[in-house]
Amino acid sequence: MEAENNVSLVDTHAHLASSKLRPDLDAILERSQGAGLSRIVSIACDLEDSKTNLELAGANPLVSPTVGIHPLYVHEIESPGWESELRELASSPGVAAIAEIGLDYFHPPGDGSSDADWRKLQREIFERQLEISIDLDLPVVVHQRESAEDVTAVLRQFPETRAVLHCFTGTMAEAETALDLGHYLSFTGILTFNNASQVQEVAANAPLDRIMVETDCPYLAPVPFRGKRCEPAYVRHTAEKLALLRGLDLAEIARATSENASRFFAL
Ligand SMILES: [Zn+2]
């Protein structure tokens, strides 16, 4: 398939290892190329995903792998050796980032523990993974949900960290804090939703050299696919919305966000 209008886009956050996408991954990747994607950064939620991402990337030049443990999966860590296992996976050639990692205070504790213990465990795993990223000179993709203050506190503790706040939906003040620390912001299909005026304002005003686009597929499909299974090709709709908000052409937004992604992830 030939890319539409020669626009080149990077989906900086796709869960290609997800069981919701893997059954027809070949068709999904073909449609991605048809939509003009030059790269898909495949994000991990646990060690299993991390290994799958490495395999997918090995078989497909369109895919860049990440490895990492999502805050909602920290209670599933079985082996005390997880840290050295992750370190080894992260040392594989082509790994784009430690991802996704962070703090999620929205969902209830996955292991039935108290809120305090759950948050403490999440924070410990987050900090250990930031150490690995710094040791290996890799960037990180940060997941935050109702935890912006603590995420900022942790990121301040590790000033060498290079982070992107993925699926950014925060306030302008939260965006400025992250930008001041040198981090990036990435926007999902939420940007296309009618009730998304806060994030639209951030997306319209953030520096052009510090923003990226993503799908977070299989979740968060942009309009006109809202509520359906999402896939990387749909990142184009988010990029179109971003272009509209900033009064730019799709080609200009595609160029800027792709350059940002290439620089950030060393693609
Ligand atoms: Zn994600």
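Just so you know, these numbers come straight off a predicted model, no measurement behind them. All ligand and atom numbering here is 1-based and tracks the order in the structure.
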For this session: Would you mind checking if Glu252 and Arg255 are paired as a salt bridge, meaning a charged N to carboxylate O distance below 4.0 Å?
Result: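 Between Glu252 and Arg255 there is no salt bridge, as every charged N stays at least 4.0 Å from the carboxylate O atoms.
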Problem set entry | Ionic contact status for Arg119 with Asp104, cut-off 4.0 Å |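 Salt bridge flag = no for Arg119 with Asp104.
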Would you name the N/O/S atom of [X] that lies closest to the Zn ion (ligand 1)?
X	result
Asp216	OD1
Glu100	OE2
His15	NE2

Exercise. Is His70 close enough to the Zn ion (ligand 1) to have an N, O or S atom under 2.8 Å?
Worked result: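 False for His70.
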For this session: Could you confirm whether His166 has any N/O/S atom lying under 2.8 Å from the Zn ion (ligand 1)?
Result: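 Checking His166: none of its N, O or S atoms is under 2.8 Å.
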For this session: Give a yes or no on whether the backbone of His183 and the side-chain of Arg210 come within a donor-acceptor separation of less than 3.5 Å.
Result: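 Judged by distance alone, yes, a pair lies under 3.5 Å.
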For this session: Mark yes or no for whether Ser258, through its side chain, and Ser8, through its backbone, hold a donor-acceptor pair below 3.5 Å.
Result: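 Side chain of Ser258 to backbone of Ser8: a pair is present.
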Exercise. Is there side-chain contact between Ser42 and Thr66, with at least one heavy-atom pair below 4.5 Å?
Worked result: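 No, their side chains stay 4.5 Å or more apart.
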